[in-house]
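This report concerns only the one structure given below.
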Amino acid sequence: MNYREYEEKKKYLLYLIYKERLFEAREAARKFNCSERTIFRIIESLKNQGYQIKWSRSHKKYFLADKSQHPEIEYFMKDGH
């Protein structure tokens, strides 16, 4: 996977987390045609960028702890990126 593909996957993964639609790393790995480990690395990279990504055991999905800190995500995704 090249840098551009990685960044596109990272953006889309962040969007899925923002919308609370990422339920399993395995599911995302199949969709992105990569390993689960790659998905975990991307999530870790996003956390290092300041996104407070959490896992809900009860709902079995990833989410942002405070969406209000990142309104740019919604704007960025509406912009067609």
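Treat the numbers as computed from the prediction; the structure is a model and nothing was measured. Values reported hereafter were calculated over all heavy atoms of this structure, with side chains retained and with hydrogens, waters and symmetry mates removed.
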(message) Between Lys61 (side chain only) and Ser56 (backbone N and O only), is there a donor and an acceptor less than 3.5 Å apart?
(response) no
Any heavy-atom pair between the side chains of [Y] and [X] that's under 4.5 Å?
{"X": "Ser45", "Y": "Tyr6", "answer": "yes"}
{"X": "Tyr15", "Y": "Lys19", "answer": "yes"}
{"X": "Leu22", "Y": "Ile43", "answer": "yes"}

What's the spacing between [X] [atom1] and [Y] [atom2] if we round to 0.5 Å?
{"X": "Leu14", "Y": "Leu46", "atom1": "CG", "atom2": "CG", "result": "5.5 Å"}
{"X": "Leu13", "Y": "Lys31", "atom1": "CG", "atom2": "NZ", "result": "10.5 Å"}
{"X": "Leu64", "Y": "Gln52", "atom1": "CG", "atom2": "CD", "result": "8.5 Å"}

If you look at every heavy atom in [X] and [Y], which pair is closest and at what distance?
{"X": "Cys34", "Y": "Ile39", "result": "SG-CD1, 3.7 Å"}
{"X": "Ala65", "Y": "Lys54", "result": "CB-CG, 3.9 Å"}
{"X": "Arg21", "Y": "Glu27", "result": "O-OE2, 4.4 Å"}
{"X": "Arg57", "Y": "Lys60", "result": "O-CG, 3.3 Å"}

(request) Please check if atom CG in Asn2 has more than 12 non-hydrogen atoms from other residues, nucleotides or ligands closer than 6.0 Å. (result) yes
(message) Any carboxylate oxygen within less than 4.0 angstrom of a Lys/Arg side-chain nitrogen, looking at Lys11 and Glu8?
(response) yes
(message) Assess whether a salt bridge exists between Glu7 and Lys10, defined as any Lys/Arg side-chain N lying under 4.0 Å from an Asp/Glu carboxylate O.
(response) yes
(message) Name the residue from Phe23, Tyr62, Phe63 that meets the ring-ring contact (aromatic ring centres under 6.0 Å, His included) definition with Trp55.
(response) Tyr62
